[in-house]
Amino acid sequence: MFLILMLIFVLQTIWLYIRELAGKDLDMGVIFKFLIYFMPKLIPLVLPLTILLASIMVFGDFAENYEFAAMKSTGISLMRAMSGLGVFIVILGITTFFFSNNVIPWAEYNSFNLRKNIAKRKPAMILAKDQFNDITGTPYNIKFSDKSGDKGQYLKNVIIHIKGSDGRTNATTIKSKSGELISSEESNVLKLVLFDGNYYSDLKPKSYKDRDKVPFAKSKFEKYTINIDLSFLNNEDDLDDKSVTNKYNMLNVSDLDYTLDSLSQQNHKEFEEFSNRMYQRTITPSINKAITTSPKKEVEQKNDSIYAGNILDLFDTKKKTQILNIALNTVKSTSLDVDRRKNAFKISRITFNKHIIALHEKLALGFACIILFFVGAPLGALIRKGGIGLPMVVAILLFLTYHFIGIFATNSAKSGGLNPIIATWFSTLVMFPLSIFLTKRATEDRGLFEFGNFIEPLKKLLNIKDDESLDYKFLLSFTNERLMDVVNNYDSLGYDEGSRYEAIKILNSRDISLDELRQQGIDINRTFDDATKLSNDYLEHSKFAIVLYWIGAVILILFFIFRNNKLPSLASASIQLSIISLFLFVVYTIKSYVNIRGFYATINKKSRTPHIIIQLIGLPFYFLNYFLLKRKIKDDLKQNCLDSLK
């Protein structure tokens with residue numbers, strides 16, 4: 001399983017970096033080295049997924065084939081069956097720490113430098129017709145209308161732009177009717193021979209007035225040879241250059257500890273220097289030198305160490321103007337300096353947070369493997385399904401939850417939005433209670449979920465009775481007259497009281513209104529009409545609220561995704577739509593609560609109205625609250641109808 005998943009992630013790596021490898025004329029040895037360096041970096045992804053999937057499959061297969069039943073019959077509990085593998089997983093977690101502390105930094109060091117060297121390596125030169133072909137690293141830009149020959153060496157209508165010393169402007173242009181590329185595989189020089197053309201070269205006179213005339217020199221040639229040095233294109237020695245050594249992912253625990261200490265001291269020093277520089281920019285020293293006072297005031301100031309008056313009153317008008325100008329200029333320059341240093345401090349904070357994250361990721365990986373085992377093993381025993389099908393789906397869903405929680409947390413921590421230590425352990429901490437819950441349920445031989453444990457307290461809180469009604473589908477075959485007879489004479493016909501209400505519902509579904517039933521002698525209190533209307537309004541408003549709730553929640557999740565992927569326009573639009581949807585959700589929730597209060601006021605059972613505090617607490621789980629209240633209102637409406645018939 002580990003090898004299969006590793007192969008999948010390696011193929012994904014090739015697909016991810018195909019643009020960096022394509023067109024560089026790399027031999028198989030370099031590509032193989034590239035993959036070898038990247039494989040250890042895939043372990044933090046592959047190993048936890050492997051443990052989770054394998055544990056679900058193995059223990060699911062045991063449960064499916066009743067192996068656990070056989071173990072329990074011999075006195076072997078689930079925890080005892082897991083103990084052997086648990087010890088192995090703990091050893092694997094410790095080994096994973098040493099692997100992430102030594103092998104992964106080595107792989108990061110080599111892969112980063114190899115990618116850097118491959119990026120410097122220029123693509124193999126492929127000249128396409130009817131477009132300018134920029135030979136990177138040289139000042140030449142070549143265009144031609146057509147090429148021919150067995151190697152495409154003969155060119156027609158050649159235009160060459162040669163860039164100037166600034167690397168941007170085209171200082172020289174060469175046009176020729178034909179050309180020929182002459183070079184060999186062993187040679188590092190591309191020889192381009194042009195025939196029957198013109199040579200245009202820009203001139204730069206010393207006088208600026210003459211430059212406005214845009215002068216140039218023109219010459220004609222029958223044969224012109226250009227030699228282009230390509231030795232830099234395929235320099236194999238560059239691929240072995242490993243000059244970058246200080247990237248945070250390349251450091252082990254001791255290096256990271258030393259670097260964090262150095263960064264902390266450096267950041268503290270930078271803050272201290274910046275604060276001192278800001279203080280020195282104040283105009284306090286200049287003010288003291290410019291004070292002009294009368295002898296009497298001077299005597300008073302010598303006696304008083306603190307002057308509580310307006311400080312500008314100590315200066316004449318000229319000095320006041322100078323002080324105010326100095327203050328304004330100082331504030332402006334200080335503001336600019338603060339804005340400039342703000343970005344520098346932000347980068348320093350991000351760098352510091354990245355080192356903390358890299359340090360704790362090495363520790364968290366081993367614990368994640370252990371915890372995911374105690375998630376997967378009991379989960380497999382609970383779902384009782386082995387093989388590739390359901391266990392694969394469950395494992396992928398759990399792993400994606402674990403992985404994306406970790407990604408969102410670390411991305412927030414890098415920018416300072418979350419503590420980097422908490423962010424690194426966050427996904428593991430989320431899975432930890434789940435592992436305890438699943439292990440406990442599996443060892444107690446209980447189901448995965450017992451919804452009664454969640455529903456029953458809510459039923460008691462909302463005064464909802466258990467549904468013990470009978471099946472009244474047999475009434476659908478009755479005629480209208482017989483249904484009316486059931487309503488009036490249910491007792492003598494041997495039916496229960498609930499059949500009366502169901503008969504009225506069926507008659508209403510056949511377009512026979514309550515008023516028509518009253519005309520037929522069925523006495524139904526008018527309060528039932530109002531209660532029915534209010535219950536229908538509640539259901540309609542609640543459905544709108546549920547739709548708006550899910551729209552707002554989904555768009556809110558998209559907001560965080562867009563923001564973390566640096567898509568500000570989409571993030572802004574999504575948060576606005578989410579706020580609108582959630583606002584409308586609150587509006588319709590209030591309307592539905594008003595309908596509930598009106599409903600119970602109409603049927604004279606205000607005591608059964610759900611408390612508003614309970615409704616507010618239940619807003620995050622509104623969909624569950626809706627289904628429970630829907631059933632409660634249905635039962636109370638039925639009882640009101642039966643009471644109105646007495």
Of all the heavy-atom pairs spanning Val158 and Leu155, show the shortest one and how long it is.
CG2-CB, 3.7 Å
Of Leu181, Ile226, Ile160, which meets side-chain contact (heavy atoms from CB on, under 4.5 Å) against Ile142?
Ile160
Verify side-chain contact (heavy atoms from CB on, under 4.5 Å) between Phe195 and Lys177, making sure each step is shown before the conclusion.
CA-CA 6 Å; Phe195 303 96; Lys177 293 182 179 179; over 6 Å; no
Worked check of side-chain contact (heavy atoms from CB on, under 4.5 Å) between Leu194 and Leu192:
CA-CA 6 Å; Leu194 303 175; Leu192 177 58; 3.9 Å; yes
Within 6.0 Å of CZ in Phe88, more than 12 heavy atoms from elsewhere
no
Can you name the nearest heavy-atom pair linking Cys369 to Ile89, along with the distance?
O-CG2, 3.8 Å
Could you walk me through whether Phe97 and Leu365 pass the side-chain contact (heavy atoms from CB on, under 4.5 Å) test, one step at a time?
CA-CA 7 Å; Phe97 165 73; Leu365 180 59; over 6 Å; no
Which heavy-atom pair separates Pro40 from Ile104 by the least distance, and what is that distance?
O-CG1, 3.6 Å
Non-hydrogen side-chain atoms of Ile370 and Val90 separated by less than 4.5 Å
yes
For Tyr154, I'd like to know if atom OH has over 12 heavy atoms of other residues, nucleotides or ligands within 6.0 Å.
no
What's the spacing between Leu256 CG and Ile356 CD1 if we round to 0.5 Å?
10.5 Å
Any heavy-atom pair between the side chains of Leu359 and Thr424 that's under 4.5 Å?
no
Do Tyr224 and Tyr199 have their ring centres less than 6.0 Å from each other?
yes
Taking every heavy atom of Ile575 against every heavy atom of Ser572, the minimum-distance pair comes out as CG2-O, 3.1 Å
Give a yes or no on this: more than 12 heavy atoms of other residues, nucleotides or ligands lie within 6.0 Å of atom OH of Tyr200.
yes
Can you confirm whether Thr96 sits close enough to Leu92 that some side-chain heavy atom of one is under 4.5 Å from a side-chain heavy atom of the other?
yes
Is any side-chain heavy atom of Ile159 closer than 4.5 Å to one of Phe144?
no
What I'd like to find out is whether the side chain of Ile580 reaches to under 4.5 Å of the side chain of Leu584, using heavy atoms alone.
yes
Do the ring planes of His360 and Trp425 sit parallel (below 30°), tilted (30 to 60°) or perpendicular (above 60°)?
perpendicular
Output the distance between atom OH (Tyr258) and atom CG (Asp255), rounded to the nearest 0.5 Å.
10.0 Å
Parallel, tilted or perpendicular: which one describes the rings of His403 and Phe399, with boundaries at 30° and 60°?
parallel
Partner residues of Asp257 under the side chain to side chain donor-acceptor pair (under 3.5 Å) criterion, sequence neighbours left out:
none
Look only at the side chain of Ser581 and the backbone of Ser578, and say whether a donor-acceptor pair between them is shorter than 3.5 Å.
no
Checking Lys362 side chain against Ser100 main chain: does a donor-acceptor pair fall under 3.5 Å?
yes
Is there side-chain contact between Leu52 and Leu398, with at least one heavy-atom pair below 4.5 Å?
yes
Establish, yes or no, whether a centroid distance under 6.0 Å links the rings of Phe408 and Phe426.
no
Closest heavy-atom pair, Ala413 versus Pro420, reported as atoms and distance to 0.1 Å, is CB-CA, 3.6 Å
What I'd like to find out is whether the side chain of Thr428 reaches to under 4.5 Å of the side chain of Tyr402, using heavy atoms alone.
yes
dist Glu180:CD -> Thr225:OG1 (nearest 0.5 Å) comes out at 10.0 Å
Would you say Phe99 has more than 12 foreign heavy atoms packed within less than 6.0 Å of its CZ?
yes
For Lys41, give me all partners under salt bridge (charged side-chain N to carboxylate O under 4.0 Å, His left out), at least two apart in sequence or on another chain.
Glu108
Measure across Asn157 and Ser145 and return the closest heavy-atom pair with its distance rounded to 0.1 Å.
ND2-OG, 3.1 Å
What residue pairs, at least two apart or across chains, pass side-chain hydrogen bond (donor to acceptor under 3.5 Å, both in side chains) with a residue in residues 260-269?
Asp261-Gln265, Gln266-Glu270
When rounded to the nearest 0.5 angstrom, what is the spacing between CD1 in Ile555 and CD in Gln576?
11.0 Å
Derivation and outcome, side-chain contact (heavy atoms from CB on, under 4.5 Å), residues Glu222 and Asp196
CA-CA 4 Å; Glu222 293 183 359; Asp196 192 11; 5.8 Å; no
Around atom CZ of Phe132, are there more than 12 heavy atoms from other residues, nucleotides or ligands closer than 6.0 Å?
yes
Once rounded to the nearest 0.5 Å, what's the spacing between atom CD1 of Ile56 and atom CD1 of Ile51?
12.0 Å
Please round to the nearest 0.5 Å and tell me the distance separating atom NZ of Lys220 and atom NZ of Lys175.
13.5 Å
Got a salt bridge between Lys156 and Asp146, using NZ or NE/NH1/NH2 to carboxylate O under 4.0 Å?
no
Could you tell me how the ring of Tyr37 sits relative to the ring of Trp106: parallel (under 30°), tilted (30 to 60°) or perpendicular (over 60°)?
perpendicular
